[in-house]
Amino acid sequence: MEELREALNNFAFDGDFVSVKEFGSGHINKTYIAKYRAGDEEVKYVVQKVNNGVFKNVDELMDNVFAVTSYLRKYIRENGGDENRETLHFIKTVDGANYYRCADGSFYRAYVFVKDSISFDYAETPELFKSSGIAFGRFQKMLGDFDADSLYETIENFHNTIWRYENEFIPSLEMDVENRAQNCQDVIEFIKSRKDKMSILVDLINENKLPLRVTHNDTKLNNVMFDEKTLECVCVIDLDTVMPGLALYDFGDAIRFGANTALDDEPDLSKVGINLEYFKAFAEGFLSECGDTLNQCEKDYLAFSAWLLTTELVMRFLTDYLNGDVYFKTNYSEHNLVRARNQMKLALSMEEHMSEMEEIIKSI
Ligand code: ADP
Ligand code: GN1
Ligand code: MG
């Protein structure tokens, strides 16, 4: 708490401090809401302790998010939108820096809480999920002319699935530091038997069939803020992984999280599967914004990307389980294994329904 206080004292916030509390359900950073009072008005800020284990170079990370949000603010202003609501507004420190480094070495950053907005871990309706598709499709469209080369790769090989298999999954299995491999042979087998399909998108990049774009790369439903009253999408958040990537990564990752018939850590696997209605809703929203810019190869692999990103997460959650839960936040000791099995069930369900998923894409 002391470092949090130290950080709060070093941002150029408006007004007097009222309160601070932990907030949100992200798996990576530690997020707080800090309330301030300026005259009669209460102002809310989001203050985050950056996960320095995940993001090794905080300078580069913050350069990226400042560059992207500055670009978006200008784009939104020039296109008649509300730049204070439709993208994140970062606050500098009193010394004019992008983030604050505490005496104990931890890193904090701050931005304005998007007013009257709410995020969801589960979409109650297909309309809400479609709206998140609009948000991520628009995000990609808005960044269409952003210079991808100017961005740092905040996490290398983030969605290079086959690289993760060879360089993370297999080594963690061989080390098996917690002696946990014996608990998850079913998932290990699942992953190993899908290895051949893990290089498909990377191969298509190398063959120049899939273009690198500036993408979000972490398109979970709870990385979109919605208007509290109208439930329309307002703003895409969590910009830490904005870097050159594939439109397919953004599509696939959103589906694997939001078109699951259950939460992604639901332990009762009978509840887990692909929700085709939600799949269609998201695809309609996403493609209504950025469909025009996609080439035929991108369109052809949309359904596949949902399966691939789901399988990638099976592997990432299981790798973290084998490593002793060092990456994702967990609430109990088997949490990562539960997540891996959940995503495995979802991937199996997609395998069963792949032709329907492909038909849906063709119909849009
Ligand atoms: P993580 O990387 O840990 O997922 P996020 O940046 O996604 O961190 O923030 C975690 C949660 O905090 C989000 O899911 C959202 O609910 C909330 N949040 C983050 N930024 C804002 C914001 N500017 N306005 C309102 N809520 C926010
Ligand atoms: C993490 O930060 P958050 O909770 O939005 C992760 C994603 C995973 C997701 C799984 C930087 O997202 O890649 O898909 O958890 N983010 C990072 O729920 O690794
Ligand atoms: Mg998040």
Side-chain angles (χ1 to χ4, degrees), residues 21-35 43-56 61-62 64-65 69 84-91 107-122 132 135-136 153-161 164 168 215-228 233-243 245 249-250 252-258 260 263-266 306 308-320 326-331 335-336 338-340 342-343 346:
K21 66 169 199 289
E22 246 189 283
F23 179 77
S25 53
H27 289 347
I28 303 295
N29 299 304
K30 199 158 192 173
T31 305
Y32 301 90
I33 285 219
K35 286 188 192 161
V43 200
K44 284 198 268 185
Y45 297 100
V46 177
V47 178
Q48 279 183 326
K49 179 175 177 180
V50 177
N51 186 329
N52 190 215
V54 168
F55 300 105
K56 309 278 187 229
L61 173 77
M62 294 311 293
N64 270 13
V65 292
T69 51
N84 286 323
R85 198 160 160 69
E86 293 166 36
T87 188
L88 288 178
H89 180 180
F90 279 84
I91 307 286
F107 298 93
Y108 280 82
R109 63 176 171 202
Y111 33 100
V112 179
F113 184 95
V114 181
K115 240 182 159 192
D116 304 321
S117 76
I118 182 167
S119 68
F120 295 92
D121 290 324
Y122 186 77
S132 77
F136 285 122
E153 216 174 334
T154 54
I155 301 178
E156 279 175 36
N157 292 304
F158 193 57
H159 286 307
N160 187 337
T161 320
R164 282 191 183 269
E168 295 181 347
T215 49
H216 184 279
N217 295 304
D218 188 359
T219 48
K220 279 162 81 164
L221 176 66
N222 62 18
N223 287 331
V224 177
M225 302 308 299
F226 295 87
D227 185 285
E228 247 172 21
C233 60
V234 176
C235 168
V236 166
I237 61 165
D238 202 345
L239 307 178
D240 296 334
T241 51
V242 175
M243 51 188 167
Y249 298 152
D250 281 3
D253 193 44
I255 295 296
R256 72 108 205 139
F257 185 80
N260 188 340
L263 289 175
D264 77 346
D265 62 354
E266 169 60 57
L308 183 69
L309 271 285
T310 307
T311 303
E312 182 179 293
L313 264 292
V314 177
M315 192 167 68
R316 288 181 64 196
F317 286 137
L318 197 78
T319 301
D320 198 31
V326 291
Y327 188 94
F328 297 107
K329 274 185 210 159
T330 51
N331 300 332
H335 204 165
N336 273 318
V338 165
R339 287 168 174 153
N342 174 303
Q343 297 290 288
L346 179 61

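Order of appearance sets the numbers: ligands from 1, and atoms from 1 within every ligand.
Of all atoms in ligand 2, listed by their number and element, those nearer than 4.0 Å to a heavy atom of Asp264 are 18 (O). Residue Phe317 approaches ligand 2 through these ligand atoms, each under 4.0 Å from one of its heavy atoms: 10 (C), 18 (O). Near Asp238, meaning under 4.0 Å from one of its heavy atoms, ligand 2 places the atoms 2 (O), 3 (P), 5 (O). Residue Asn223 approaches ligand 2 through these ligand atoms, each under 4.0 Å from one of its heavy atoms: 5 (O). For ligand 2, the atoms sitting less than 4.0 Å from at least one non-hydrogen atom of Gly26 are 4 (O), numbered in the order shown with element in parentheses. Atoms of ligand 2 found under 4.0 Å from any heavy atom of Phe55, numbered from 1 in the order shown, are 11 (C).
Compare Thr241, Thr31, Ile28 by their heavy atoms: the one nearest to atom 10 (C) of ligand 1 is in Thr31. In this structure, of Ser117, Ala110, Cys235, Ser119, the residue bringing a heavy atom nearest to atom 16 (O) of ligand 1 is Ser119. Proximity annotation for atom 25 (C) of ligand 1: of Tyr32, Phe113, Phe120, Phe113 comes nearest, heavy atoms only.
Proximity of Phe158 to ligand 2 is established by a heavy-atom distance of less than 4.0 Å. Contact analysis puts Arg256 in contact with ligand 2, with a non-hydrogen atom separation below 4.0 angstrom. Residue contact annotation: Lys329 has no non-hydrogen atom under 4.0 Å from ligand 2.
No side-chain donor-acceptor contact under 3.5 Å links Asn157 to the backbone of Asn160. Side chain of Lys329 to backbone of Gly26: a donor-acceptor contact under 3.5 angstrom is found. Side-chain N or O atoms of Arg109 include none that pairs as donor or acceptor with a backbone N or O of Val47 at under 3.5 Å.
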Legend entry - Check against side-chain contact (heavy atoms from CB on, under 4.5 Å), Leu239 and His216: CA-CA 7 Å; Leu239 307 178; His216 184 279; 4.0 Å; yes
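Note: an N/O pair closer than 3.5 Å links Val114 and ligand 1 by distance alone. At least one N or O atom of Lys220, backbone or side chain, sits closer than 3.5 Å to an N or O atom of ligand 2. In terms of N/O distances under 3.5 Å, ligand 2 is approached by His27.
When hydrogens are left out, the protein atom nearest atom 3 (P) of ligand 2 is Asp218 OD2, 3.5 Å; that is the closest non-hydrogen contact. Scanning the protein heavy atoms around atom 19 (O) of ligand 2, the nearest turns out to be Tyr327 OH, 2.5 Å. The nearest heavy-atom contact from the protein to atom 2 (O) of ligand 2 is Ile28 CG1, 3.2 Å. Counting protein heavy atoms only, atom 13 (O) of ligand 2 is closest to Arg316 NH1, 2.8 Å.
Proximity of Asp240 to ligand 2, defined as any heavy-atom pair under 4.0 Å, is not found for any part of the residue. Residue contacts with ligand 1 for Val46 involve side-chain atoms from C-beta outward but no N, CA, C or O (heavy atoms, distance under 4.0 Å). Counting heavy atoms under 4.0 Å from ligand 1, residue Ile237 touches it through the side chain alone. Looking at Tyr249 against ligand 2, nothing comes within 4.0 Å, counting heavy atoms. Under 4.0 Å from ligand 1, the heavy atoms of Leu88 that appear belong solely to its side chain.
The only member of Asn217, Asp218, Val50, Asn29 that meets side chain to side chain contact (heavy atoms under 4.5 Å, CB included) when paired with Asp240 is Asn29.
Annotation for Glu22 and Tyr32: closest pair CG-CE2, 3.6 Å, computed over non-hydrogen atoms. Nearest heavy atoms, Ser132 versus Phe226: CB-CZ, 3.9 Å.
Counting backbone and side-chain atoms alike, Asp218 contributes no N/O/S atom closer than 2.8 Å to the Mg ion (ligand 3). Residue Asn223 counts as close to the Mg ion (ligand 3), with an N, O or S atom under 2.8 Å.
With no hydrogens or angles considered, a side-chain donor-acceptor pair links Ser25 and Asp121 at under 3.5 Å. A donor and an acceptor atom, one from each side chain of Thr319 and Glu168, are nowhere located under 3.5 Å apart. Side-chain atoms of Asp238 and Asn222 form no donor-acceptor pair, as typed in the model, at a separation below 3.5 Å.
The residues Arg339 and Asp320 are annotated as not salt-bridged, no charged nitrogen and carboxylate oxygen being separated by less than 4.0 angstrom.
Side-chain rings of Tyr45 and Phe113 stay apart, their centers remaining 6.0 Å or farther from each other. In this structure, the ring of His159 has its center less than 6.0 angstrom from the ring center of Tyr249.
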